[in-house]
Amino acid sequence: MGFGYGFGLSGMPRGTGRLIYAALAGGPKAESEIKDYINKFTGIQITYSLEPVLDFWVARGTLKKKEDGKYELAQPAMPGPMWF
């Protein structure tokens, strides 16, 4: 599975957006749970905060932030590709 090399426009490694989306397709998760999902899937330990990107997606309407601080998809996961 090739996500490519380098960084995307958001400053994150390419493919991170797809991994965040995949993590949230399984249900609401806190930032630490999303990082754990990415670590288990790729073996990469994320040391930076995902919160700026998650909050941007909330403002954009892609995600919702629940009162308990967990993020969830604003709409059910789509079966086709999702471009970020």
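Because only heavy atoms are used, hydrogens play no part in the values below, and waters and symmetry mates are left out as well, while side chains stay in. Owing to the predicted nature of the structure, the values given are computational and were not obtained by experimental measurement. We're numbering straight along the sequence, starting at 1.
Expressed to the nearest 0.5 Å, how far CG of L73 lies from OG1 of T62 amounts to 9.0 Å. Atom CG of residue L50 and atom CZ of residue F56 lie 14.5 Å apart, to the nearest 0.5 angstrom. For the atom pair OH of Y71 and CG of L63, the computed distance is 8.5 Å after rounding to the nearest 0.5 Å.
For residues 40-55, the set of pairs meeting the salt bridge (charged side-chain N to carboxylate O under 4.0 Å, His left out) definition, not counting sequence neighbours, comprises E51-K65. Listed by first then second residue, pairs satisfying side-chain hydrogen bond (donor to acceptor under 3.5 Å, both in side chains) with a partner in residues 25-38 read E31-S49, not counting sequence neighbours.
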Would you sort out whether N39 and I44 count as a side chain to side chain contact (heavy atoms under 4.5 Å, CB included), showing the intermediate values?
CA-CA 5 Å; N39 184 23; I44 297 171; 5.7 Å; no
I34 vs I46, side chain to side chain contact (heavy atoms under 4.5 Å, CB included): CA-CA, chis, key distance, verdict:
CA-CA 10 Å; I34 296 169; I46 294 179; over 6 Å; no
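Partners of E67 under the side-chain hydrogen bond (donor to acceptor under 3.5 Å, both in side chains) rule, at least two apart in sequence or in another chain, do not exist in this structure. Applying the side-chain contact (heavy atoms from CB on, under 4.5 Å) rule to P28 yields the partners K66, K70, E72; only residues at least two apart in sequence or on another chain are considered.
Of all heavy-atom pairs between G61 and A74, the closest is O-CB, 3.1 Å.
Taking 4.5 Å as the limit, some side-chain heavy atom of I38 sits within range of a side-chain heavy atom of I20.
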